[in-house]
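Some notes on the structure that comes next.
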Amino acid sequence: MTLRRDHGTTHEGDPAGPASTRRARLLAGPGNFQGVIATVLTREGTVAHLLVVDDEPRIARFVSRALESHGHTVEVARTGEEALLKAAAHDFALVILDLLLPGLDGHAVLRELVARDGTSRVLVLSAVGDVESRVQCLRAGAVDYLAKPFAVAELLARVDSRLAGTPSAAPERWLEVGTVRLDLQRRVLFDGDRGTTLSQREFILLSHLMRRAGEVCTRDELLSDVWGFCFDPGSNVLEVYVGRLRAKIDRWHIETVRNVGYCFSA
């Protein structure tokens, strides 16, 4: 599967056939996204905490979800400045860096990351694929360079290769907001002492809301991040799943923000 961007549009397809130009449409059928990712996962690699730096929201989400499905934990930065702030606050095993960023560009970010301690590991993932740029980044300290469009299988293989030999990090187990605890490995929700097993889609939706606790998550954002790139905005699937979650925890935890979306409260 190859991901490419033409005039702001994201595509997926088999690079070996005519379908390589069809538009990516990961719709809301059960397990669609997981099914796509499952086709490119061949082995379990080192579990690591990674930083994805890309100003294109759809590509950042796609890459993040592919890496998370591979067992990693991922943070995202949209700008060079945000990337440097996050890198200073966290110890990332690998930074996946786009070059074409607003403000501070990827070349400057790469130089700053390498200059800080000499141990930062940066994989450049960029639409700038000429030989000069690749050589420049590798000489500046990048550990790898992958040009867009790219195959997800190749990206995951390169990430595994660059992480090989690094200490494995324990996968995140619990997500807690107030009295609500979510077991990220078993997909079990605890509200007080009561434990409830969640379906796959319920789990993804609740974990998204809990990670953004106190913030308003828009309806479009939730449909995009939980159900895929494209979804019928007239569907009531989000409301159905919010209703299912409210039946399993105290209803007030998930607040409806009229005409906007939902907010998780402790």
Salt bridge (charged side-chain N to carboxylate O under 4.0 Å, His left out) between Glu221 and Arg212, intermediate numbers included | CA-CA 12 Å; Glu221 170 194 339; Arg212 297 275 305 279; 2.4 Å; yes

Is there a path from Leu189 to Leu184 through hydrophobic residues (I, L, V, M, F, W, Y) whose side chains come within less than 4.5 Å of each other?
-> yes

Under 3.5 Å: donor-acceptor pair, side chain of Arg187, backbone of Ser199 | no

Can you establish whether the number of heavy atoms outside Glu215 located under 6.0 Å from its atom CD is more than 12?
-> yes

Answer with yes or no whether the hydrophobic clustering places Val128 together with Val131; edges join I, L, V, M, F, W, Y residues whose side-chain heavy atoms lie under 4.5 Å apart.
-> no

Determine yes or no for a side-chain-to-main-chain donor-acceptor pair under 3.5 angstrom, with His72 supplying the side chain and Ala48 the backbone.
-> yes

Considering the options Ile59, Val76, Leu51, which one meets the side chain to side chain contact (heavy atoms under 4.5 Å, CB included) requirement together with Ser64?
-> Val76

Knowing that exactly one of Val122, Val95, Val124, Leu94 qualifies, which makes a side chain to side chain contact (heavy atoms under 4.5 Å, CB included) with Val143?
-> Leu94

Applying salt bridge (Lys or Arg N to Asp or Glu O under 4.0 Å) to Arg78 and not counting sequence neighbours gives none

Is a side-chain donor or acceptor of Arg246 paired with a backbone partner of Ile254 at a separation under 3.5 angstrom?
-> yes

Between Ala213 and Val177, which heavy-atom pair has the shortest distance, and what is it?
-> CB-CG1, 3.8 Å

Ser161 side chain vs Ala157 backbone, donor-acceptor pair below 3.5 Å = no

Heavy atoms of Ser207 and Leu175 approach each other most closely as O-CD2, 3.8 Å

Linked, directly or transitively: Val109 and Leu100 (ILVMFWY side chains, under 4.5 Å) = yes

Would you say the side-chain atoms of Asn236 pair up with the backbone N or O of Glu239, donor to acceptor, closer than 3.5 Å?
-> no

Under 3.5 Å, side chain of Asp191 to main-chain N/O of Asp250, donor-acceptor pair present?
-> yes

CG-NE2 distance between Leu245 and His253, expressed to the nearest 0.5 angstrom | 12.0 Å

Take atom CG in Asp91; do more than 12 heavy atoms of anything else shown fall under 6.0 Å from it?
-> no

